[in-house]
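The structure under discussion appears below in the form of structure tokens.
Order of listing sets the numbers, starting from 1, for every ligand and every atom in it.
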Amino acid sequence: MRHFITFDDVSVAELKRILELAQTIKADYQAGKQQKYFVGKSLALIFEKQSLRTRVSFEAGMTHLGGASMFLGDDVGFGKRESTADFSRVLSSMVDAIAFRAKKHESVVELAKYSSCPVINALTDKAHPCQILADLLTIQERLGALQNLKLAWVGDANNVAASLVRGCVKLGIEVVLGTPKKHQFDAETVRQMTAFDPNYQLTQTTDPFEAVKGAHAVFTDVWVSMGQEAEEAERKRDFADYQVNAKLLAAADKNCIFLHCLPARRGLEVTDEVMDSPQSAIVQEAENRLHAQKGLLVWLLNEAEKVKS
Ligand code: CP
Ligand code: NVA
């Protein structure tokens, strides 16, 4: 059974194929020619945390492709009413795929272990690979290719940053992180994230200007992720010098684009000026969640051969 929990679950060729499927399916959708690959199929969405983009893109995506989706919030009692094994065996006996946004990464791994259908990571404390599929698609569209690029991540070395690194290790794309020392990835995490290519050089600097120098895309994310609310005051102090503002963006390549997975805390990690600038690709990036996840679902549910590019 194939799952998509981190980029370790796909080969380089498979990752490229998913992005290619996303491009084709997006073009078909925009041309009003969306094929209904999923008639009679269902996707279950289990969410332990809030969401706008992830939930809506999966639900709308299934509708466009002729299938159905069901949103399962707190009332299904994941982790409370029965064992994860029983929950997973029962749910997967009734649906064709499951997308799970979990408080703990281990919950998604455990659910997948007992599932008889594909499980997709819809964000955990450790990873957000669906976001990075959309980001790679956006970079390809805005910058023309996924080669010869330097990507800069400014701010917290968090779940989204970890998936960015893992995806870029797979594709051989350079990533530099500008992060305060205490929030950088530790050596063991770097080892795990780069295990696919032990020669991959991940640079972590405490200087945000050094991180963005010559970068073709600058990323940031909130300083306080869901589940870290108790650390808010401390984190705001720690990251105060890591705001992506016009001055910082001016230190990147002149054609650099700005990406943020959203939701953003405008005025903290990023200014309005950057969010609303012509360099900002944030709305396209968010919309691409829809197209990237359609590509992923078509691939995971073995419909890829039907997609004609
Ligand atoms: N970027 C993202 O995953 O957004 P949501 O939390 O709104 O799903
Ligand atoms: N790092 C953020 C991303 C939200 C999409 C969080 O985990 O809350």
Subset of ligand 1 atoms that lie under 4.0 Å from at least one heavy atom of R289: 1 (N), 2 (C), 3 (O)
Heavy-atom neighbours of Q50 CD exceed 12 at 6.0 Å: no
P263, any N or O under 3.5 Å of ligand 1 N or O: no
Residue L52 vicinity, atoms of ligand 1 by number, heavy atom under 4.0 Å: 5 (P), 7 (O), 8 (O)
Note: D156-R235 ion pair, threshold 4.0 Å (strictly below): yes
Check: F87 ring centre within less than 6.0 Å of Y114 ring centre: no
Residue selection (non-hydrogen contact nearest atom 3 (O) of ligand 1) among E285, H128, Q50: H128
For K306, all residues meeting side chain to side chain donor-acceptor pair (under 3.5 Å), sequence neighbours excluded: E303
Minimum heavy-atom distance between Q279 and C256, given as atom pair plus value: NE2-O, 3.0 Å
Could you go through ligand 2 and list every pair where one of its N or O atoms sits under 3.5 Å from a protein N or O, giving the atom names and the distance to one decimal?
residue  : atom  : partner : partner atom : Å
ligand 2 : 1 (N) : N158    : ND2          : 3.4
ligand 2 : 1 (N) : N159    : OD1          : 2.9
ligand 2 : 1 (N) : D221    : OD2          : 2.7
ligand 2 : 1 (N) : S225    : OG           : 2.7
ligand 2 : 7 (O) : N159    : ND2          : 2.8
ligand 2 : 8 (O) : M226    : N            : 2.8

Per-residue contact class, R101 against ligand 1 - non-hydrogen pairs under 4.0 Å: side chain
Face-on cation placement of K170 at F7 ring, 6.0 Å and 45° thresholds: no
Close N or O approach (R55, ligand 1; < 3.5 Å): no
N or O pair under 3.5 Å between L123 and ligand 1: no
Close N or O approach (M226, ligand 1; < 3.5 Å): no
With sequence neighbours excluded, residues passing side chain to side chain donor-acceptor pair (under 3.5 Å) with N288: K26, T138, E141
Contact list for residues 145-155, test side chain to side chain donor-acceptor pair (under 3.5 Å), sequence neighbours left out: none
For C261, atoms of ligand 1 separated by under 4.0 Å from a heavy atom: 1 (N)
Side chain to side chain, V307 and I25, heavy atoms closer than 4.5 Å: yes
Intermediate values then yes/no, ring-ring contact (aromatic ring centres under 6.0 Å, His included), F78 and F100: CA-CA 11 Å; F78 176 83; F100 187 10; 4.8 Å; yes
For atom 4 (O) of ligand 1, closest protein heavy-atom neighbour: R53 NE, 2.8 Å
Over-ring placement of R55 relative to F71, 6.0 Å and 45° cut-offs: yes
